[in-house]
Novice: 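Quick one: the structure is below, questions incoming.
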Amino acid sequence: MYQALYRKWRPRTFDEVVGQEHITTTLKNEILTGRPSHAYLLMGSRGTGKTTCAKLIAKAVNCLSPKDGSPCGECEICRAADNGTLPDVAEIDAASNNGVDNIRDLREEAVFLPNAAKYRVYIIDEAHMLSQGAVNALLKIMEEPPEHVIFILATTEVHKIPATIQSRCQRFDFKRISAGVIRDRLLTIAAAEGFTLKEDAALLIARVADGGMRDALSLLDLCWAHSPEVTLETVSEVAGLVGQDALFGVAEAIREGDFSKALSRLDEAGGQSVEYDRLCGQLITHYRNLLVAASAKHPEELIVTLPETLEKYKEQSRGYTVATLVDTIRTLQDTEAAMTKTASRRAEMELGLIKLCDRRMSRSPEALLARVDELEAKLNRLLAEGCHPAAEPPAQQSTLEEADPAQVTFPETVQKAPPQAPTLKAPAAPAPTAPAPMPAPALKQEVRPMEEEVWQRVLERLLRKNAMLASALHDSHAHIRGQTVLVECRNPVFIEMMRSNDYTRQSLKEAIAEVTGILYGVGPYDPAKYGKTAEKKAPSPLEQLLADAREKGVEIT
C-alpha cells in the first residue's frame, strides 16, 4: 500500500526535525540528563512539527538505548511505538474526546504503573477543544501527577488554553518554517524518491505551504501524481494559482490606471479556474514584495524568490511610492475580507480593481496620503521650473460700517492740510549724468551641507527615475552652494555618468526639484576646494615672531 510522503518522511529523530532547532536542542538535553518534564505544551501553526515532536518525546523517554537524546528506532519499545501497539503511549484527539468523562477515565488509568515502558505518556492533540469540565478534571492530575506519567498537549490556539494549565507545563512555541528550509527539504525528498523537481517549483510549493512542512509534502505528493517532472507550471495548475507573469501584468495595469487592461488580465486568470479569493491573496503577497523591494536596503534577504524575479520586483516597484503600495495592500485586504461575506467574489474583485486603478474612488487614509504625496512632488517640480501660483487680488478696503468697532481707531486731533503754494514752471535743465557704478566685489558663496533627511528623500525619488544613478549614489552626501547642489560621492561610476549622460544630470535635477521645490544646478563636491583642508592654518606665535623679526632686519641665528 502506498504511503503518503508526509507519513513516509516523518522525522524519526530530533535531528531530522527541520526549522525548530530551538526546541529540539532543549528536548535532547533534557532526555540526555534524565530530567524530562511531567507536562509539555506544544503550540504553533499546522504542519510545523508539534505531533512529530510529541511522538519523539514519547519514544525517547522510553527508549532502551537512546542515541544523543533521540530514540534509536530499533529497540522493541521504539518499534512498538511506531506500530501503535505500545499500550503505555496513548494519543487522544481532544476534538472528539473532549468530555469530562473521557478525562476522568484517563485519571483512573494514569494511577497504574506502565505495562512495558518506563513512562506512561498521554498525547492530547488539539487540547484547546477540551470542555471546561474536562479542563478542571485534567488540572487536578496535572497539579500532582504520578512520577511515571508525562502529559504532552498540542494546540494551534494557545490563547484558548487556561493559564492554570499553561503554568504547569513547559511551553514550546513552534515557529513557521522558512521557505528556504522547506525548499531544500523538498529537493532532498524528490532526489531520494527518484523524480524531477525544479528549484523554482519547490520554492513555489514552499510559499504556498506558508510555513507548514506537512502541507508542502502533501502538495508535492499531488504534483508528483500529476507529472513525474514537477515544474512551475505543474505546481500552478495543481494548486490553482496564477503565474508570476499574470501578477506582474495585473500590477502594471493598475499602475497605469488602465481598468480595461486590468479586467482583461483578471478574465485570463479566471479562465485558468483560479478562485478569486486566492488570486486576491496572491496579489497581496505580490504587492508586499514590491513594498519590500522599494523600501528595504537588502530586499533579497526578505523576499524568497529567484534572482531574475527579484529584479522584476525592483523594476516594477520604481513606479510606485511607498504610500501607494501601502494603500494598495490595504485595499486588497479589504476586498479579501469582503469576499467572505458575499457569493459574488468576482464582483468584489472588480470593485477592488476599480479602486486601485482610480485613487479618487477610495477614501481611505492611505489613498489620500498617496494622492497628497504625488501632488507634492508635482507641485515642487512646477515651482522649481518657475511656474508660480497667481497672486491673490488685493482685498477691498472694508467700509466703516463693515469694520469691527473694536479695531477702528481715530486720531485725537484733526490737522488741516497746509495750503499748497503756487508753483512756477522753470526751464527744463539737462539731467545730470550719474557716474558709472563701480562693480561690486564678488561675494564668496558659502557652502553648507544639505540635511541628510532631505538628501535621502531625493535618493528615494531618484530611485524611481534612474535606479542606476541612485545605486551609484549609495553612501553619498550633498552640499548647497548658492543655486548649485554639490554631490560628495567617491564612486567613479557616478562621475562618469554625470560627465557623459545628459539624462543623468536631468533626472538628478528633477529629483532635487520634486523634494525641495527649487531648481538647483548639480556638480561634484571637491573636499580640497570646499572642505576644511582648504582653510589656511593660522601661523603659530613663534612663526609670527620670526616673520616680524625678518621684516625689521633682525639677524636670526
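The figures here come from the full heavy-atom set of this structure, side chains too, leaving out hydrogens, waters and symmetry mates.
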Novice: State the CD1-OG1 distance between I284 and T331, to the nearest 0.5 angstrom.
Specialist: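 That separation rounds to 10.0 Å.
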Novice: Checking H226 against T234: is there a side-chain donor and acceptor pair closer than 3.5 Å?
Specialist: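 No pair is found: no donor N or O on one side chain lies under 3.5 Å from an acceptor on the other.
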Novice: Does atom CD (Q456) have a neighbourhood of more than 12 heavy atoms from anything else shown, all under 6.0 Å?
Specialist: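 Buried by this count: over 12 neighbours within 6.0 Å.
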Novice: Distance-only, no hydrogens or angles: does the D88 side chain make a donor-acceptor pair with backbone N or O of A116 under 3.5 Å?
Specialist: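 Answer holds: yes.
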Novice: What I want to find out is whether E252 reaches R255 closely enough, with some N-O distance under 4.0 Å, to be called a salt bridge.
Specialist: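 Yes, charged N to carboxylate O under 4.0 Å.
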Novice: Measure from the side-chain N and O atoms of S227 to the backbone N and O of C223, and report whether any donor-acceptor pair falls under 3.5 Å.
Specialist: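 No, the answer is negative, given that no donor and acceptor are paired below the 3.5 Å cut-off.
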Novice: Determine yes or no for a side-chain-to-main-chain donor-acceptor pair under 3.5 angstrom, with Q166 supplying the side chain and V158 the backbone.
Specialist: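 It does hold such a pair.
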Novice: If you measure only the distance, is there a donor-acceptor pair under 3.5 Å linking the side chains of T52 and R10?
Specialist: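 Side chains of T52 and R10: pair found under 3.5 Å.
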Novice: Does D221 reach the side chain of Y6, with side-chain heavy atoms less than 4.5 Å apart?
Specialist: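 D221 does not reach Y6 side chain to side chain.
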Novice: Counting N and O atoms only, with roles assigned by atom type, does the side chain of Q20 sit under 3.5 Å from a partner on the main chain of K175, one being a donor and the other an acceptor?
Specialist: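 Yes, because the side chain of Q20 sits within donor-acceptor range (under 3.5 Å) of the backbone of K175.
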Novice: Suppose we screen for salt bridge (charged side-chain N to carboxylate O under 4.0 Å, His left out). Which residues come up paired with E233, at least two apart in sequence or across chains?
Specialist: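 If we apply the salt bridge (charged side-chain N to carboxylate O under 4.0 Å, His left out) test to E233, skipping adjacent residues, there are no hits.
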Novice: Rounded to the nearest 0.5 Å, how far does CZ of R183 lie from OG1 of T188?
Specialist: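 CZ of R183 is found 10.5 Å from OG1 of T188.
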Novice: Using side chain to side chain contact (heavy atoms under 4.5 Å, CB included), reason through L332 and L356 one step at a time and then give a plain yes or no.
Specialist: CA-CA 9 Å; L332 290 173; L356 294 178; 3.8 Å; yes
Novice: Is the backbone of F174 close enough, under 3.5 Å, to the side chain of T48 for a donor and an acceptor to pair up by distance?
Specialist: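 It does not hold such a pair.
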Novice: After noting the C-alpha distance and the side-chain angles of F248 and H286, does the key distance pass the ring-ring contact (aromatic ring centres under 6.0 Å, His included) rule?
Specialist: CA-CA 8 Å; F248 279 105; H286 182 81; 4.7 Å; yes
Novice: On a heavy-atom basis, which atom in S236 and which in L204 lie closest, and how many Å separate them?
Specialist: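 Taking every non-hydrogen atom into account, OG-CD2, 3.7 Å.
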Novice: Please tell me if the side chains of C169 and Y40 come closer than 4.5 Å, counting only heavy atoms from C-beta onward.
Specialist: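 No, side chains not in contact.
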Novice: Can a donor-acceptor pair be found between the side chains of H38 and E144 at a distance below 3.5 Å?
Specialist: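 Short answer, no.
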Novice: Mind checking whether Y119 and V149 have side chains closer than 4.5 Å, heavy atoms only?
Specialist: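 Side chain of Y119 against side chain of V149, heavy atoms only: no contact under 4.5 Å found.
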Novice: Are side-chain heavy atoms of L462 and S507 found at a separation under 4.5 Å?
Specialist: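 The answer is yes; the side chains approach within 4.5 Å.
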Novice: Could you walk me through whether E308 and K312 pass salt bridge (Lys or Arg N to Asp or Glu O under 4.0 Å), step by step?
Specialist: CA-CA 7 Å; E308 53 269 20; K312 289 184 179 180; over 6 Å; no
Novice: To the nearest 0.5 Å, tell me how far D327 CG sits from K355 NZ.
Specialist: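 That separation rounds to 10.0 Å.
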Novice: Ion pair present between E74 and R79, side-chain N to carboxylate O less than 4.0 angstrom?
Specialist: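 No, no charged N to carboxylate O under 4.0 Å.
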Novice: Begin with the C-alpha distance, continue with both residues' side-chain angles, and end with the deciding distance and a verdict on side chain to side chain contact (heavy atoms under 4.5 Å, CB included) for I205 and D215.
Specialist: CA-CA 9 Å; I205 294 175; D215 293 348; over 6 Å; no
Novice: Assess the residue pair I152 and L42 against the criterion (side chain to side chain contact (heavy atoms under 4.5 Å, CB included)); give the C-alpha distance rounded to whole Å, side-chain angles, the decisive distance to 0.1 Å, and a yes or no.
Specialist: CA-CA 7 Å; I152 305 176; L42 312 181; 3.9 Å; yes
Novice: Determine yes or no for a side-chain-to-main-chain donor-acceptor pair under 3.5 angstrom, with S167 supplying the side chain and T164 the backbone.
Specialist: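 Present.
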Novice: Tell me whether D258 contacts the main-chain N or O of I254 through its side chain, where contact means a donor paired with an acceptor under 3.5 Å.
Specialist: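 The answer is no, because no donor-acceptor pair under 3.5 Å joins these two groups.
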Novice: Take Y276 and E336 through the side-chain hydrogen bond (donor to acceptor under 3.5 Å, both in side chains) test and state the conclusion after the steps.
Specialist: CA-CA 9 Å; Y276 289 102; E336 188 178 32; over 6 Å; no
Novice: Does R12 have more than 12 heavy atoms from other residues, nucleotides or ligands lying within 6.0 Å of its CZ?
Specialist: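 At most 12 heavy atoms, drawn from other residues, nucleotides or ligands, come within 6.0 Å of this atom.
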Novice: Less than 4.5 Å apart, side chain to side chain, heavy atoms only: is that true for I150 and R120?
Specialist: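 SC-SC contact between I150 and R120 ruled out.
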Novice: Are side-chain heavy atoms of V17 and L56 found at a separation under 4.5 Å?
Specialist: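 Yes, their side chains come closer than 4.5 Å.
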Novice: Ion pair present between R345 and E348, side-chain N to carboxylate O less than 4.0 angstrom?
Specialist: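 No salt bridge links R345 with E348.
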Novice: Given side chains that start at C-beta, do those of F195 and L220 come closer than 4.5 Å, heavy atoms only?
Specialist: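 They are in side-chain contact.
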Novice: If the threshold is 4.0 Å, N to carboxylate O, is there a salt bridge linking D173 and R171?
Specialist: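 Salt bridge between D173 and R171, a charged N being under 4.0 Å from a carboxylate O: yes.
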Novice: For T156, does its backbone N or O pair with a side-chain atom of K50 as donor and acceptor, under 3.5 Å?
Specialist: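 A pair under 3.5 Å: no.
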Novice: To the nearest 0.5 Å, what is the distance between CZ on R318 and CD on E460?
Specialist: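 Answer for the CZ-CD pair, R318 versus E460, is 14.5 Å.
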Novice: Output the distance between atom CD (E30) and atom CG (L32), rounded to the nearest 0.5 Å.
Specialist: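 Between E30 CD and L32 CG, I get 10.5 Å after rounding to 0.5 Å.
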Novice: What pair of heavy atoms forms the shortest contact from K59 to C78, and how long is it?
Specialist: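 Closest approach of K59 to C78: CD-O, 4.0 Å.
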Novice: At their closest point, which heavy atom of A110 faces which heavy atom of H148, and how far apart are they?
Specialist: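 Scanning both residues completely, I find the closest heavy atoms to be O-NE2, 2.9 Å.
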Novice: Please examine the side chains of I77 and C63, heavy atoms only from C-beta on, and report whether any two atoms are closer than 4.5 Å.
Specialist: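 Heavy-atom side-chain distance check fails, nothing below 4.5 Å.
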Novice: Classify the ring geometry of Y122 against F151: parallel below 30°, tilted from 30° to 60°, perpendicular beyond 60°.
Specialist: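 Rings of Y122 and F151: parallel, under 30°.
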Novice: For L247, does its backbone N or O pair with a side-chain atom of Q282 as donor and acceptor, under 3.5 Å?
Specialist: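 Side chain of Q282 to backbone of L247, a donor-acceptor pair under 3.5 Å: no, none is there.
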Novice: Can you find a side-chain donor-acceptor pair between N289 and Y313 that sits under 3.5 Å?
Specialist: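 Judged by distance alone, the side chains do pair up.
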Novice: Taking all heavy atoms of D68 and all of K28, pick out the closest pair and write down the distance.
Specialist: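 Heavy atoms of D68 and K28 come nearest at O-CD, 3.5 Å.
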Novice: Please determine if R104 and D101 form a salt bridge, counting it only when a charged side-chain N lies under 4.0 Å from a carboxylate O.
Specialist: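 Salt bridge flag = yes for D101 with R104.
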Novice: Answer yes or no: are there more than 12 heavy-atom neighbours, outside K261 itself, under 6.0 Å from its atom NZ?
Specialist: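 Yes.
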Novice: Could you tell me the separation between the CG atom of L290 and the CD1 atom of I329, rounded to the nearest 0.5 Å?
Specialist: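 L290 atom CG to I329 atom CD1 measures 8.0 Å (nearest 0.5 Å).
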Novice: Heavy-atom count around E143 CD within 6.0 Å, excluding the residue itself: above 12?
Specialist: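 Buried by this count: over 12 neighbours within 6.0 Å.
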Novice: Using distance alone, with no hydrogens and no angle criterion, decide if W9 and E193 have a side-chain donor and acceptor under 3.5 Å apart.
Specialist: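 W9 vs E193: donor-acceptor pair found between side chains.
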Novice: Can you list the steps and then say if I165 with V135 is a side chain to side chain contact (heavy atoms under 4.5 Å, CB included)?
Specialist: CA-CA 8 Å; I165 295 290; V135 169; 4.0 Å; yes
Novice: Ignoring hydrogens and angles, tell me if any N or O in the side chain of T324 forms a donor-acceptor pair with the backbone of Y320 under 3.5 Å.
Specialist: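 The answer is no, because no donor-acceptor pair under 3.5 Å joins these two groups.
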Novice: I would like to know whether D210 and R46 meet salt bridge (Lys or Arg N to Asp or Glu O under 4.0 Å); could you show each step before the answer?
Specialist: CA-CA 10 Å; D210 193 21; R46 69 180 188 276; over 6 Å; no
Novice: What pair of heavy atoms forms the shortest contact from M349 to C280, and how long is it?
Specialist: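 The pair with the smallest heavy-atom distance is SD-CB, 3.9 Å.
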Novice: Please give me the minimum heavy-atom distance between C72 and K67, naming the atom from each residue.
Specialist: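 C72 and K67 have their closest heavy atoms at CB-CE, 4.1 Å.
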